[in-house]
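Only heavy atoms go into these numbers, but all of them, side chains included; no hydrogens, no water, no symmetry mates.
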Amino acid sequence: MRELQEETGLGVDGLLYLMELQSGRTQHHVYEASVLNCDEARPQNEIFDCIWYPLDAVQNLDTSDATRRIVRAFQRRL
C-alpha cells in the first residue's frame, strides 16, 4: 500500500495477494487493490507515466511478457 502511494499517489482500501511470478531474474508479487482515488493517479519517483488501460487492451501494448501473464491471470479471476 505504501509503495503504491509513493509511486502513483493512489490510496487503496485493502489488498489481496494474488500470486508470485518469476520472470527471468525478476520476482513479481501481484496484488489486487480497491483503489480509492483512480482519477488522481500521477507518476512519482521511479514511474514515468500513469495510464489506465482496459484489460483487453494490454495484449496490444509494448510491454513485458510478465505483465501480459499477470493480466491474463487476473482476467481469469473475473
Side-chain angles (χ1 to χ4, degrees):
M1 291 168 67
R2 177 190 54 79
E3 189 71 13
L4 185 63
Q5 172 67 37
E6 288 177 2
E7 300 298 334
T8 65
L10 294 174
V12 299
D13 183 20
L15 295 174
L16 174 63
Y17 188 77
L18 295 180
M19 66 186 214
E20 179 180 332
L21 175 74
Q22 188 74 32
S23 179
R25 295 187 331 211
T26 303
Q27 185 173 1
H28 300 271
H29 295 276
V30 182
Y31 295 84
E32 180 180 312
S34 297
V35 178
L36 300 172
N37 54 335
C38 291
D39 296 334
E40 298 175 25
R42 62 189 182 285
Q44 302 180 99
N45 299 322
E46 297 134 9
I47 303 297
F48 176 73
D49 205 356
C50 293
I51 301 171
W52 294 107
Y53 288 97
L55 283 176
D56 58 350
V58 174
Q59 64 189 356
N60 299 319
L61 297 176
D62 182 21
T63 190
S64 69
D65 179 59
T67 297
R68 287 187 293 275
R69 290 170 56 193
I70 290 167
V71 169
R72 280 194 302 268
F74 183 75
Q75 285 174 310
R76 287 192 296 270
R77 286 181 38 81
L78 299 179

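Separating the CZ atom in Arg72 from the OG1 atom in Thr67 is a distance of 10.5 Å, to the nearest 0.5 Å. To the nearest 0.5 Å, the span separating CG on Leu10 from CD on Glu3 amounts to 12.5 Å. Rounding to the nearest 0.5 Å places CE of Met19 at 10.5 Å from CZ of Arg77.
Scanning both residues, Glu6 and Asn45, for their nearest heavy atoms gives O-ND2, 2.9 Å. Closest of all the heavy-atom pairs between Gln44 and Thr8 is NE2-C, 3.4 Å.
Side-chain atoms of Asn37 come within 3.5 Å of backbone atoms of Gly9 as a donor-acceptor pair (strictly under, hydrogens ignored). Counting only distance, with no hydrogens or angles, the side chain of Glu32 and the backbone of Ser34 share no donor-acceptor pair below 3.5 Å. In this structure a side-chain-to-backbone donor-acceptor pair under 3.5 Å is missing from Trp52 to Ala41. Under a 3.5 Å cut-off, the side chain of Glu20 and the backbone N or O of Gln27 do not form any donor-acceptor pair. With hydrogens and angles ignored, the 3.5 Å screen pairs no side-chain donor or acceptor of Ser23 with any backbone N or O of Thr26.
Using cut-offs of 30° and 60° on the angle between ring planes, the pair Tyr17 and Tyr31 is perpendicular.
The hydrophobic clustering, which links ILVMFWY residues whose side-chain heavy atoms are closer than 4.5 Å, places Val30 and Leu78 together. One hydrophobic cluster, built from ILVMFWY side chains closer than 4.5 Å, cannot hold both Ile47 and Leu4; they sit in different ones. Tracing side-chain contacts under 4.5 Å through hydrophobic residues (I, L, V, M, F, W, Y), one reaches Leu18 starting from Leu55; they form part of the same cluster. Residues Phe74 and Leu16 are members of one and the same hydrophobic cluster, defined by side-chain heavy-atom contacts under 4.5 angstrom among Ile, Leu, Val, Met, Phe, Trp and Tyr.
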Checklist entry - Could you go step by step and tell me if Gln5 and Arg2 meet the side chain to side chain contact (heavy atoms under 4.5 Å, CB included) rule? => result CA-CA 5 Å; Gln5 172 67 37; Arg2 177 190 54 79; 5.7 Å; no

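Of the listed residues (Thr63, Asp56, Val58), just one forms a side-chain contact (heavy atoms from CB on, under 4.5 Å) with Val71, and that residue is Val58.
For CG of Asp39, the number of neighbouring non-hydrogen atoms (other residues, nucleotides, ligands) closer than 6.0 Å is 12 at most.
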